[in-house]
**Student:** 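Can you read through this structure? Questions will come right after.
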Amino acid sequence: MHEGLIIQDTGTLPSWVPESARNYLAHTEDGQSIRALARANECHPSTILRQIRKFENRRDDPLIDDALRALSCVLRQDQVPARPETKSLGQVGDLTGKQIEEEAKRILRRLCEHGAVMAVAREMETAVIVRETEDGASLRTAIVDRRVAQAIALKDWVQCSDPTARVARYVITNLGRATIREMTAQDENRALGFADARSGFEQTTSWAPADFDRDSAGMSRASIVESPLIGLSRRRDKSGDPFLRKDLVEAGERLREGFELAKMGRQVSRDVTEFLNHEPLEGAPAGAVDGLKRTQDALCEIGPGLADVVYRCCCLLEGLEQTEKSMGWSARSGKIVLRIALERLGEHYRSVGKYAPLIG
């Protein structure tokens, strides 16, 4: 390869790979000099040097190291030399930018919640997002494909303070917070009709990874920080007990987990009746089909009215004030109805088995 030609021009790396990672691989895998990369990128050599040192210092991070190993093999068009504990995984180079962005909206929102971390065990194929509750217990809120976790780490949206630990714990970075704010603002603009191009609301007929530019959920900015359930769980009633018990929060989180799976490859309606009439898309992943069925079964079980409030607050992350306004209820009545709905939802999940079936 000529000295002035950098790896980005080969077209072999996915387009979502950050420029700094491309420069690192161009230097370490292709042997291009720092000065050559600086000329090609029209920047000072010290900028390239900082990028290379940054990734070299982060090779102890299991997600970063696995991602760079996979991408370097993409460049060489080799089979990725998988580690024994991750030999059954797909590779991060197989992901598209749209898949990563769609998953990032779900993951980064969860990581913005107070006390939330993404835990990655070296021998596990998936990562989990857990949040510590007030009583010190851990509440699992999401499952993350390891390839997606590698991609968001490579993009510097999450970071690990102790990458040598058997279970690495990642927290969201300032860049990750800025990214989810931007994504949410774009969703809000589209929902309000300010998108550059009008997006249709027709349902797709075959499954494909959800298009980042076609999300119709229109999440509220408040969902970046926490869901309505988390805020209510911190409140106390007259006796000093939490307004929402831990089991009620877990029931709401379980519903949202199934809903996130059901969203894969499709737009979802803000109307619960339309959502209940959704049919699985042709060729949809088994997880998406199962998530749709579990969510619809749970909503049908708790019945009309109650299903509306849990769908809006737990699935769409709509604030209680907005829900009260949309439903035509009096102020501060929504939290009472939501608690009743969550109690019914908890009874349903206890009847089908508390932990079966779940993601991963």
Side-chain angles (χ1 to χ4, degrees), residues 106 109-110 112-116 129-142 217-260 262 268-273 275-276 291 294-356 358:
R106 175 178 68 92
R109 284 190 181 110
R110 282 303 198 182
C112 281
E113 296 172 351
H114 181 71
I129 298 178
V130 295
R131 175 172 54 81
E132 187 173 324
T133 60
E134 289 186 353
D135 58 4
S138 294
L139 177 64
R140 189 183 73 174
T141 59
M219 301 298 183
S220 167
R221 288 183 186 272
S223 66
I224 295 176
V225 179
E226 61 183 15
S227 71
L229 295 191
I230 297 173
L232 284 175
S233 67
R234 296 198 188 104
R235 297 185 185 181
R236 303 282 175 173
D237 57 21
K238 294 180 180 180
S239 62
D241 297 325
F243 183 79
L244 289 182
R245 302 188 309 272
K246 178 183 176 181
D247 63 305
L248 300 184
V249 176
E250 289 178 342
E253 298 290 1
R254 183 181 174 92
L255 182 72
R256 181 179 172 188
E257 187 175 272
F259 175 77
E260 293 291 350
V268 295
S269 172
R270 296 189 66 85
D271 183 81
V272 67
T273 303
F275 176 80
L276 290 174
R294 287 193 284 119
T295 307
Q296 289 176 332
D297 288 347
L299 293 173
C300 287
E301 180 66 24
I302 63 178
L306 297 180
D308 283 280
V309 68
V310 294
Y311 182 72
R312 288 176 177 272
C313 293
C314 300
C315 298
L316 303 181
L317 299 183
E318 187 176 87
L320 274 175
E321 291 184 2
Q322 179 60 41
T323 298
E324 289 168 349
K325 182 177 179 181
S326 301
M327 303 291 291
W329 296 341
S330 60
R332 294 179 294 279
S333 62
K335 63 181 183 180
I336 304 299
V337 180
L338 177 60
R339 184 166 63 179
I340 296 172
L342 290 172
E343 289 173 348
R344 291 281 299 275
L345 188 64
E347 291 174 1
H348 166 70
Y349 285 136
R350 283 190 292 273
S351 68
V352 299
K354 185 176 182 181
Y355 296 111
L358 288 174

**Student:** Go through it in stages, so that I can follow the logic: the residues are Arg256 and Glu260, the test is salt bridge (charged side-chain N to carboxylate O under 4.0 Å, His left out), and I'd like the CA-CA distance, side-chain angles, deciding distance and then a yes or no.
**Tutor:** CA-CA 6 Å; Arg256 181 179 172 188; Glu260 293 291 350; 3.6 Å; yes
**Student:** If you look at every heavy atom in Glu324 and Ser333, which pair is closest and at what distance?
**Tutor:**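 In terms of heavy atoms, the two residues are closest at OE2-N, 3.2 Å.
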**Student:** Where do Leu229 and Val249 come nearest, in terms of heavy atoms and distance?
**Tutor:**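 Result for this residue pair: CD1-O, 4.1 Å.
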**Student:** Please round to the nearest 0.5 Å and tell me the distance separating atom CG of Leu345 and atom CG of Leu338.
**Tutor:**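 Those atoms lie 10.0 Å apart.
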**Student:** For residues 304-315, which side-chain N or O atoms pair as donor and acceptor with protein atoms under 3.5 Å away, sequence neighbours left out?
**Tutor:**
| residue | atom | partner | partner atom | Å |
| --- | --- | --- | --- | --- |
| Asp308 | OD2 | Gly305 | N | 3.3 |
| Tyr311 | OH | Ser269 | O | 2.4 |
| Arg312 | NH1 | Glu318 | OE1 | 3.2 |
| Arg312 | NH1 | Glu318 | OE2 | 3.2 |

**Student:** With rounding to the nearest 0.5 angstrom, report the CD1 to CG distance, Ile302 to Asp297.
**Tutor:** 12.0 Å
**Student:** First locate atom CG of Leu244, then atom CD of Glu343, and finally report the distance between them rounded to the nearest 0.5 Å.
**Tutor:**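 The distance works out to 9.0 Å.
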**Student:** Ignoring hydrogens, what is the shortest heavy-atom contact between Tyr349 and Ala298? Give both atom names and the distance.
**Tutor:** OH-CB, 3.7 Å
**Student:** With a 3.5 Å distance limit and no angle check, can you tell me whether Arg339 reaches the backbone of Phe243 through a side-chain donor-acceptor pair?
**Tutor:**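 Yes, the answer is positive, given that a donor and an acceptor are paired below the 3.5 Å cut-off.
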**Student:** Drop me the distance from Leu320's CG to Trp329's CH2, to the nearest 0.5 angstrom.
**Tutor:** 9.0 Å
**Student:** Output the distance between atom CD (Glu321) and atom NZ (Lys335), rounded to the nearest 0.5 Å.
**Tutor:** 11.5 Å
**Student:** Judged by atom type as modelled, is there a donor-acceptor pair below 3.5 Å linking the side chain of Gln296 to the main-chain atoms of Phe275?
**Tutor:**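 Indeed, once roles are kept as given, a pair shorter than 3.5 Å links the two residues.
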**Student:** To the nearest 0.5 Å, how far apart are CZ in Arg294 and CG in Leu299?
**Tutor:** 12.0 Å
**Student:** Any side-chain heavy-atom pair from Glu253 and Arg131 closer than 4.5 angstrom?
**Tutor:**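 Counting from C-beta outward, Glu253 and Arg131 do come under 4.5 Å.
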**Student:** Decide if atom CD of Glu347 counts as having more than 12 heavy atoms of other residues, nucleotides or ligands within a radius under 6.0 Å.
**Tutor:** yes
**Student:** Counting C-beta onward and ignoring hydrogens, is there a side-chain heavy-atom pair between Glu113 and Ile129 closer than 4.5 Å?
**Tutor:**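 Of all side-chain heavy-atom pairs linking Ile129 with Glu113, none is under 4.5 Å.
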